[in-house]
Undergrad: 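First the structure, then my questions, so here it is.
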Amino acid sequence: MADPVFRSSVTSAETTSAESTSAAAVTISDVSDWSKCSVKAGEGTETAKGFAVALGTAAQRNGVLVVHHRQHEWLLLGSAAQVDETIHNLDRDGFVSTVDLTHGRMMLRVSGPRSADVLAKVCSSNFDDAFTPNRAAWGATVARVTCDLVRDDQVGVRSYLLLCDRSYGDYFFQSLLDAADEFAD
Amino acid sequence: MRQTSPVIKQRRAAKYSLGGLIRRGFSKESWPRVWREPEFGSHYDVVIIGGGVHGLATAYYLAANHGITNVAVLEKGYLGSGGSGRNTAIVRSNYLTPEGVAFYDRSLTLYNSMARDLNLNVMFSERGHLTLAHTDSALRTMHWRAEVNKLQGINSSVIDPAEVKRLTPSLDVSENVRYPILGALYHPPGGTIRHDAVVWGYARAADAYGVDLHQKTEVLDVLCTGGDGPEGKGPGGRVVGVRTSRGDISAPLVVNCTAGWASTIASMAGVRLPITTHPLQAAVTEPVKVFLPTVVVSGSLHVYVSQTDRGELVFGASVDPMATYQMGGTLEFTEELASHVLELMPGIGRMRLLRQWAGLCDMTPDYSPVMGPTPVEGFHVDVGWGTYGFKAGPVSGEQMAACVANGRVPELIAPFGLERFSRGDLVGEKGAAAVGH
Amino acid sequence: MSNHRIPDAPGQLINRDVPLTFTWNGRRLRGYEGDTIVSALLANGITITGRSMKYHRPRGPLTADYWDPNTTVQVGDEPNVRASHRLLRDGMNVSAQNVWPSLRFDLKSANRLVGRFLTAGFYYKTFMKPAALWPLYARVLGTFAPGGVVDLDAPPPRNDKRYAHPDVVVAGGGPAGMAAALAAAQAGASVMLVEHEHQLGGHLCWGDDTDRAEAARLAHAVRAAGVEVLTDATVTGRYEDNWLAISQRGLPGIDERLIKARAGVLIVAAGTIERPYVFAGNDLPGVMTSGAVRRLITMYGVKPGNRAVVFTANPSGDAAVVALEAAGVTIAAVVDGRLGGNVVAAHGRNRVRRVTLADGRRIDSDLLITAVGWTTPTSLLNMSGDRPVYDPEAARFFPWCPPDNVLATGGLAGDGTTEQLVAHGEATGLLAAARAGVVRHRLQHLTRRAEPVTTPEPAWPADERPPLPHGSHPALFRSTTHGIVDYSEDVSSKDLVQAADEGFDSVELVKRFTTTTMGPSQGKLETVNTVAVLAEARGETIEQVGTTVWRPPYAPISLGALAGRIHEPVRMSSIQPWHEAHGAQPILAGQWIRPNHYGDPESEVRNTRNRVGIIDITPLGKLDLQGPDVPKLLNLLYTNSWNALPQGAVRYGLMCAEDGVVLDDGVTGRLGPEHYLMTTTSSGAATVWNWAENWLQTEHPDWQVHITPVTTGLTSINVAGPDSRQLLERLTNDIDLGPDAFQYMQVRTGTVAGVANCIVWRIGFTGELSYEVHVPSGFGLFVWEQLLVHGQDLGVAPFGLEAQRIMRLEKGHFIVGQDTDGLSKAPVTGLETLLKVEKDDWVGKPEVVWALSRGDGPRIVAVQPTDPTVVPEEAAQIVAAGTNQILGRITSSRFSPTLNRSVCLAQVHPDVATPGTTLTIVLANGTRTTAQVMEHHAHFDPEGSRLRG
Amino acid sequence: MLLVPCPVCGPKNAAELTYRGETHSRPDPNQATPEEWRSYLYLRDNPAGWLREGWFCSSGCRTFFTLERNTTTGELREPLLPGNKVAGRPISDGTEP
Ligand SMILES: Cc1cc2nc3c(=O)[nH]c(=O)nc-3n(C[C@H](O)[C@H](O)[C@H](O)COP(=O)(O)OP(=O)(O)OC[C@H]3O[C@@H](n4cnc5c(N)ncnc54)[C@H](O)[C@@H]3O)c2cc1C
Ligand SMILES: NC(=O)c1ccc[n+]([C@@H]2O[C@H](COP(=O)([O-])OP(=O)(O)OC[C@H]3O[C@@H](n4cnc5c(N)ncnc54)[C@H](O)[C@@H]3O)[C@@H](O)[C@H]2O)c1
Ligand SMILES: Cc1cc2nc3c(=O)[nH]c(=O)nc-3n(C[C@H](O)[C@H](O)[C@H](O)COP(=O)(O)O)c2cc1C
Ligand SMILES: [Zn+2]
């Protein structure tokens, strides 16, 4: 039998053209193949203490980006191996559950000096440093799709991770490309 | 109740006519006042709260049909300052339920003869009403309505996209769009009317019968006796009058016709209603030469549009989700409206929005009104008109007048009684599309 | 053209080095870069720019700015262009509106003759008889609709939107606004300065050298301070919590953009607008405001006429005299309103020829300039909740008490020299920056993800600005004659007096009766004159009469800009690209695009019934439920019992809302000791998720349940048909598919086509042996393809929604929302065994219990038409024989390829729900047919032997 | 557009949340008379003034919460933004100038 083939929900041809050089004002890349796992647990539990990530923020923990975007919920983003390991080593006390969201969420990275300007065309959140500093994590609608957003600057360059339901993939990617159009150089 | 003689005397109002217009054009003689500025009376046989089309029509029919003329209409603002002066004036009778159809059809009949009855041109334009279907299920609902309508003798049918295009060329009926037009419910007798004229027509005619129209008179309390609640209010009691910003009035019968404010008045009598108040917004564009011959409604896109003979497009939508008594309007409304109407008519993106406004709607759980007596004797309601009550003005007035005058609930409004909620017998209009004008 | 242009001079905005060509009603004309359409027309000697709405009187430039009611034109396919504001472009096709057949010769101007009969509201009083003719009258009236022509086939404009979060937004880039923006920016605020015109400067642009130097200084400083300057942009609305709409035009590649700004503080520095004067002939071309001629001369180098009478009551009129003289216009007379002078009438046919003054003089002239005072554009303040008050001494309205996060400055707030205005602007900017700082502090403090603020919240700065003085101005609104008050609506002062006499006793009623202030400038020019005329007619003061309500937008905004890019989210399963590539007919279901069929749904049915079919049912709602209290939740949400669901089993359930109305249905399976998967209908997925969360959070916060939606994490494929087991066996080795090992209504997890973590449950909507396979979506398409490859010899073929609908109808399964409606209480389904009234609590239970005991609600029944070839339409009504009395309706109907006959579900009155009853159905074409109520809901295989096999 | 103070996310545009209307308590489903139950289902105070109402942070943290809002002035009981109130005069109700 053939080996299973993983496919992203972004099927449009432009996928590659958006991934241009890092010098660009903004680049949009499909990073849906990251492992994404949701952990739910009580706020005061050992699990929560183990993450030590404040609500509304994200932090790197052993190579995994741990996003605490909602009460009682953490999103682990990273390579399959590292996410699995983190899950495996969870300090589970009491009622803790995990769900693998790798397949259910599509994820884009929007980076570059104009990335906030692109997002400001399709999202009402305030992208000012004071309101969404690096590693801020929150939920909002982007191009009318409910998303989780994480500010995750890359070596000093402004960068955002956007996660939404997989089924919106093509639409969502196209909407962001369209928003980015005016900043293309 | 005491009724005056069956032959009802109408005060002479100057008759409006082309001849009169020409004569006055030459003579410079001026038209008489549309209505009096009456003295504030301390007792009336019937007090009607709310100077919208419902209150005024009720007053008019009380006088015209039942000879009850010692009537006051109390209005906190100017006549028509509520929903009646700010609605998009769409008139139709293609409702979903037999009781709804019978009721609104009677209203259309009254509208048809209104210009003659009231001697004022209300500019009823039977231009045809299209409710577009963009999905299978919407189309199924259209069929449902059409089939019920046909059995009731209402001119209503489902038409295909080609016919839609023929009737309204500005609509985009192509297939590869996000909201393809799969068909429409077509109701030729539906159309628009000049809302202000209807209000003024009833006001002028009621005034001519001697009804007192008190503007800038706000009802602050409803006076009751014998009820379960504080101050004799509430179930089991009876109404004895009202307190207004200009003084008290005693009256054995009080009719609440305050639409968006219905709950506030009802609570003054100790009556709770199945109503929440939500703004409904509307907007007009700058005028352009007439190109839209029909009234177009899209339930799925929450928008409806017609063009006035002045050339503006008049838009409406569904109510705002948040309950409020504020009428400021929102930017989101205009954004949604524009994006949806451009789905239907991509060619009008350069037209400009001129004004947006809002009115208050008294929404009920079953998209049907609440009419008739309440647990407080003498306190009647004609409320719950939501987003669709303008077209019902004439029939409601006629039936409420009969209800109040005869002390019996007329058959046509029996399905809409307040007690249906405690019985759990809601009216079936709920199945209809969200935008129900 | 030369004799209408004056020589180049400082302050002119036109670039004589760049000539442009355009057409006016087909005639080729020339102008310069920097011209507005109107300045170019005037420079070509064209003075009639349109005709009035009702009487078709010729009209020419009046205020020569955006609000000019007489210079609205058609430009190409764009109607209603403000020609006094729109910049000229090379090749523009400009034409007059409201003319028939031509601008110079207009037949409808015959209306002028009957004007005395076309009094206010004349149409209400006539055209009543004969009633049949009203539609004809209405059509004729319709041809008088003013405005341009929409070209429905023109390419759509390009628009978009963006959000912004500035600390301070300044509406108006005059001296006060610029000073405010500058001071706020220097105080550290992020500032957006929005100017309606094409350049900063406000009224200084048509002032003297000092004025223009000051404008240039401020404009430069503002930009240097990092203020975001938007020109040709308008703050069009102020909504709750300082939510602002800003329209920005003329960006490269974008016709108009809507900026939605959440401002800390809004500064309104909208200046003042010059009021026209009401007198006989005041709408003749050649009658202009002082601002109009000053703009035309100073900014565009246009000489507006040759001989002028100037009626002035203020410095702007005086300055107009100077400007006119400098432009070489002869001043025939200066009439000073401050000294009691007045104009009574202007005469002429197509342009002013002579002017009659109050002192009886009749003076020949082709220009009559009026400077009678200002009106305050308070619209944005009113939108903020303020009710400006009238100051009779200054003869205009002033802000009263706007909310604390809206500040007024400049001419709107008072009078003064440029220095005073700038000083007030600066003070306002500083106050705004300080207040915006508090707002920002509060917001930052309340937002967890924000940079933490450690300082205590600053106090709300008090308003200690020294107020601007209110200058005194003669109250000049109307002369002794009647004239036009609302130019765009053709409403005269006589109409207003008549309306008042007729008893339209409030300004709002007069507005609606006469349509005054309802035209394109929305009262900017005409409200105060309207109110003044009414006050005079009723013997009241202007304050007593009050104004009408101002509403957004401040200036009209295009539908295109409001719409922006169309963002209509579309959802697709991971297999959708395959469906498209294989000729699937798409169908829209909510946001989902799904395959309806692949060409022939009936053969898809036959293939599935006889061999094996696969369908993509990914949109099926799926919720991952974990925790010890899941059974409690299920017992609450479903009507039936969930206490003893064994691990590995699935169960069907029905959900109601609190009013007992059917809300959703689906199956839930138990995957592990505390792990469940719930499915919902596709359209109910979000509703059920939110609803379940709501019950947990508000009524049962103590229950330990975690809910995670996994609808699209799992691609769902139903493998159905007699050969489905055989097909699936080829793709799994860790799930025993044997009929006893894996029974109907059971669930297994395992590997399918090499993909781990698949969930397979054995259930069947189609009535066949079938397995619902839920595959991690990244591999969804892969598994789909493998099923097709490995089932080729079995005749596997995909089927779409339509085939599924047919099969479910053959089986008599109802669909929530199609066979039920917004009032269908649970007993309608006939699934009485699922309604566990003995269960302690479940949502909707009381209503369902009462409905069961009443037993008078409608029922869903299976129905077969007597004539098997007749397929009654869905929604066909069921009536009592021989009457129109409605007893129910067909809710689903199809021709069944399996049974070779029509099959239906219907909702009927309980009296006719008994099996064997003959029903009368009214078909859409009006004919009646009969049908039988069947014993079972299932038309096909009622025993269910196929799916249990 | 109203800024709604989500207790978790902080102030958000109302469009980012779902409005849930007047709060009311649920009678015991096994004890309630039809009158009581239907008054819970259908009857509302709908006050012109202070209203306790439910909100759902549907596109953010998914918290259900309640707040008090004045339906005639738009004020929130816990003032979210300083300086939103019109001092001195009531906010225009739209029917008068
Ligand atoms: C934007 C919009 C569009 C609409 N479009 C349509 C449509 O196309 N077709 C249709 O059929 N319907 C439509 N409607 C609904 C319709 O306008 C109303 O249902 C109808 O006008 C209700 O009339 P009414 O006489 O009952 O109430 P109103 O006209 O609202 O009159 C109630 C009056 O009561 C007064 N009042 C309130 N409280 C007091 C008090 N304490 N004391 C004294 N007076 C008081 C108010 O000032 C008001 O004037 C629309 C509504 C809106 C807002
Ligand atoms: N002498 C004159 O001709 C003349 C003309 C107008 C004003 N004035 C005087 O000037 C003073 C006013 O100075 P100022 O700085 O307050 O005003 P200003 O009139 O110089 O400038 C106001 C500016 O605001 C712009 N504007 C208005 N509403 C806007 C909106 N919603 N969005 C974007 N832009 C908008 C206008 O286009 C204008 O350019 C007053 O004293 C007034 O009497 C004199
Ligand atoms: C059918 C209809 C058409 C309207 N047309 C116009 C119009 O052409 N111009 C205008 O300024 N307002 C128009 N309005 C809106 C009114 O000016 C006004 O905004 C509305 O009646 C609400 O009143 P308010 O704004 O005074 O609160 C129209 C209203 C209705 C109901
Ligand atoms: Zn939140």
Side-chain angles (χ1 to χ4, degrees), chain B residues 51 75-78 80-82 85-86 215-216 218 235 258 260-268 271-279 320-333 335-336 357-360 362-366 370 383-384 418-426, chain D residues 1-5 12-24 27 29 32-59 66-76 84-86 90-97:
Chain B
E75 168 53 56
K76 66 173 173 159
Y78 56 94
S81 53
R86 48 190 75 238
Q215 301 184 69
K216 295 190 181 137
E218 180 168 3
T258 53
W261 296 267
S263 301
T264 65
I265 298 291
S267 79
M268 292 173 194
V271 173
R272 274 182 105 210
L273 295 175
I275 284 177
T276 49
T277 295
H278 296 261
D320 295 357
M322 194 171 80
T324 178
Y325 287 83
Q326 290 180 288
M327 290 198 277
T330 65
L331 177 62
E332 298 70 69
F333 157 72
E335 295 182 77
E336 292 268 306
W357 67 93
L360 298 182
D362 37 346
M363 304 301 291
T364 60
D366 59 358
V370 185
V383 298
L418 176 59
E419 66 292 345
R420 75 178 184 274
F421 293 95
S422 50
R423 279 206 318 264
D425 284 336
L426 274 56
Chain D
M1 172 158 40
L2 199 68
L3 266 184
V4 178
K12 299 190 89 166
N13 281 355
E16 298 269 306
L17 295 102
T18 305
Y19 180 71
R20 300 181 31 75
E22 190 168 321
T23 55
H24 41 107
T33 63
E35 290 269 306
E36 286 162 356
W37 188 258
R38 284 165 185 155
S39 127
Y40 153 67
L41 287 180
Y42 304 123
L43 301 189
R44 297 292 177 266
D45 288 337
N46 191 31
W50 288 103
L51 170 69
R52 174 153 281 279
E53 63 190 10
W55 287 85
F56 171 41
C57 189
S58 44
S59 60
T66 62
L67 53 83
E68 277 182 87
R69 183 175 54 90
N70 189 311
T71 58
T72 55
T73 63
E75 280 172 277
L76 302 178
N84 237 330
K85 239 177 21 230
V86 177
I91 289 181
S92 161
D93 61 11
T95 57
E96 286 174 65

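Numbered from 1 within each chain, the chains take letters A, B, ... in sequence-line order.
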Undergrad: Step by step, work out the side-chain contact (heavy atoms from CB on, under 4.5 Å) result for B:E332 and D:N13.
TA: CA-CA 11 Å; B:E332 298 70 69; D:N13 281 355; over 6 Å; no

Undergrad: Tell me, side chain or backbone of B:T264 under 4.5 Å from chain D's heavy atoms, or both, or neither?
TA: side chain

Undergrad: State, to 0.1 Å, how close D:T71 and B:A323 come at their nearest heavy-atom pair, and which atoms those are.
TA: CG2-O, 4.1 Å

Undergrad: By a 4.5 Å heavy-atom criterion (distance strictly below it), what part of D:L41 contacts chain B: side chain, backbone, both, or neither?
TA: neither

Undergrad: Is it the backbone or the side chain of B:I275 that comes under 4.5 Å from a heavy atom of chain D, or both, or neither?
TA: both

Undergrad: Measure distances from D:Y19 to the heavy atoms of chain B and classify the residue's part below 4.5 Å as side chain, backbone, both or neither.
TA: side chain

Undergrad: Which bit of B:T330 is near chain D, if near means a heavy-atom gap under 4.5 Å: side chain, backbone, both or neither?
TA: neither

Undergrad: Just one of B:D362, B:T277, B:T276 clears the side-chain hydrogen bond (donor to acceptor under 3.5 Å, both in side chains) bar with D:N46, so which one?
TA: B:T277

Undergrad: Drop me the distance from D:R44's CZ to B:M363's CE, to the nearest 0.5 angstrom.
TA: 13.5 Å

Undergrad: With sequence neighbours excluded, tell me which residues meet side chain to side chain contact (heavy atoms under 4.5 Å, CB included) with B:T324.
TA: B:P279, B:Q326, D:R69

Undergrad: Below 4.5 Å, heavy-atom pairs only: which of D:P47, D:A14, D:S39, D:G21 has the largest tally toward chain B?
TA: D:P47

Undergrad: Return the CE to CG distance between B:M322 and D:L17, rounded to the nearest 0.5 Å.
TA: 11.0 Å

Undergrad: Determine the minimum heavy-atom distance between B:S422 and D:E35, stating which atoms define it.
TA: CB-OE2, 3.2 Å

Undergrad: Could you pull out the closest heavy-atom pair between D:D45 and B:R272, with the gap in Å?
TA: OD1-NE, 2.9 Å

Undergrad: Could you tell me which portion of D:W55 (side chain, backbone, both or neither) has an atom closer than 4.5 angstrom to a non-hydrogen atom of chain B?
TA: side chain

Undergrad: Which pair of non-hydrogen atoms, one from B:Y325 and one from D:T72, has the smallest distance, and what is that distance?
TA: CB-CG2, 4.0 Å

